[in-house]
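To start, the structure under review is shown below, and the notes come after it.
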Protein chains: 2
Amino acid sequence: MANDQPAGRRRYAARMPLDERREALLDAALRVLGRDGYGHLTISAIAAETGVTRPVVYDAYGGIDPLLHALLDRTQQRAADAALALIPAGGVPVELDRWLLEAADGLLQAVQADPETWRPVLGLIDGAPPLVRERIESTLVLLRGFVADVLRTNLGPESQLDVEVVAHSLVALVQEFARLLLVRPDEYPKERLLAAYAGMLALRRAT
Amino acid sequence: MANDQPAGRRRYAARMPLDERREALLDAALRVLGRDGYGHLTISAIAAETGVTRPVVYDAYGGIDPLLHALLDRTQQRAADAALALIPAGGVPVELDRWLLEAADGLLQAVQADPETWRPVLGLIDGAPPLVRERIESTLVLLRGFVADVLRTNLGPESQLDVEVVAHSLVALVQEFARLLLVRPDEYPKERLLAAYAGMLALRRAT
DNA sequence: GTGCGAATCTACACGCATGTAGTAATTGAC
DNA sequence: GTCAATTACTACATGCGTGTAGATTCGCAC
């Protein structure tokens, strides 16, 4: 209170070239998102979080939609990069059980390393609008496609397994693990999840 | 247009006792939800969908929050009833593989029979606010608990399986199947999903 | 058929977020 | 130091949803 100029003009925020300002706005938007969900992700809230007035946001992005689009681009890029890094190069054979474990491990590590990027992707942010859902789904489609490829090239041609459904299942499973890891890390640490996962895979041979 | 009284008073909607009106409002809300998502689930939209004016909604429920609460009560009850009907009575032993298949089959049938109830539960409606998320989660907690019980009483005491994580996994898996069934029924009919599921279970013995 | 209570409607005041037009301050170049 | 371009701010108009107070109509009981 003591710092306010009683009825004067607002103090100007530090100036930035447009590109930097855009990045700063996206960072602020991500913070708002994590704190309050999509329902409160408004131009006003982003401007306030950035420490700037609304016209700045309009000048930088033109509206909430282009801004969200840009935020999704950035997030999707980061998440997809991390996920696709775990997929072996096309056609290279791997030992399937071993790869399933390593890929899950790698993804859980990525999630732990950058939770703020992954929480939106895993559907842990309230109020996701259609645009967001579509983005996430498109990334998952890509991911499932790669998983299916790995399965096909490593299953032996006599396998009767429905590769597409199995790919859906594996991705859904790892997503659930990632959610558990982020939401209840004390009860479900990575090691526990991976051990259980290995146990389930091992059933294929035991019993 | 031809039916409008040029500048007259609005035609009164058919009157209803309070209880009926409440049910009608919930039905309308569910339709709005399925069509437009939570982001458009407003008092105005519900009133319009019902064919009455907003004060009627306020008289019946007092606001959007109590109304949503009531809608969730109804939906949760229906979904939980259907799901818990598939759980064998406590302590009764079952043949595990057989039960896993039958329970999945039963749940997918329930989903197909009443998709409008299940779409919100499966997270297929855009813009779900925290209240909704919490409700769904509490139902899932209950369900996972029962699944874990079944696993425990039928796994043989020498099993090293992490029952809680496996319960999480199974529920997540069936949820994914249900989503596929609702979103892309042509590509993923119930029979295909169940066959793939059986195939995955069968891996436990084959290979 | 006539009341009278219940159910519905109209009308107003408000809050909050959106966009935009015009103004003012900052900052780098000269 | 001065100027001009860039960046940020103020101020206004608007749309849409929320609540609520008070008037109006419906329809059952008698």
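Reminder, nothing fancy here: chain letters follow the sequence lines and each chain counts from 1.
A salt bridge does not link A:Arg78 to A:Asp81: none of the charged nitrogens lies less than 4.0 Å from a carboxylate oxygen. A salt bridge links B:Glu23 with B:Arg74: the closest approach of a Lys/Arg side-chain nitrogen to an acidic carboxylate oxygen falls below 4.0 angstrom. Taking a cutoff of 4.0 Å between a charged side-chain nitrogen and a carboxylate oxygen, B:Glu137 and B:Arg133 do not qualify as a salt bridge.
The stretch residues 40-63 of chain B comes close to DNA chain C through B:Val52, B:Thr53, B:Pro55, B:Val56, B:Asp59, each having a heavy atom under 4.0 Å from the strand. Taking a 4.0 Å limit (strictly below) on heavy-atom distances, residues 12-32 of chain A reaches DNA chain D at A:Tyr12, A:Ala13, A:Ala14, A:Arg15, A:Met16, A:Pro17, A:Leu18, A:Arg21.
Under 4.0 angstrom from either OP1 or OP2 of D:dC9 there lies no side-chain N or O belonging to A:Arg9.
Residues A:Phe177 and B:His168 keep their aromatic ring centres 6.0 Å or farther apart.
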Intermediate values then yes/no, side chain to side chain contact (heavy atoms under 4.5 Å, CB included), A:Leu68 and A:Val132: CA-CA 9 Å; A:Leu68 185 53; A:Val132 173; 4.2 Å; yes

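Side-chain contact of A:Arg35 with A:His40: a donor-acceptor pair under 3.5 Å is absent, judged by distance alone.
Side chains of A:Thr50 and A:Arg21 form a contact here, defined as non-hydrogen atoms less than 4.5 Å apart.
Using modelled atom types, no side-chain atom of A:Asp105 and backbone atom of A:Leu101 make a donor-acceptor pair closer than 3.5 Å.
The nearest whole Å value for the distance from the CG atom in A:Asp65 to the C1' atom in C:dG19 is 14 Å.
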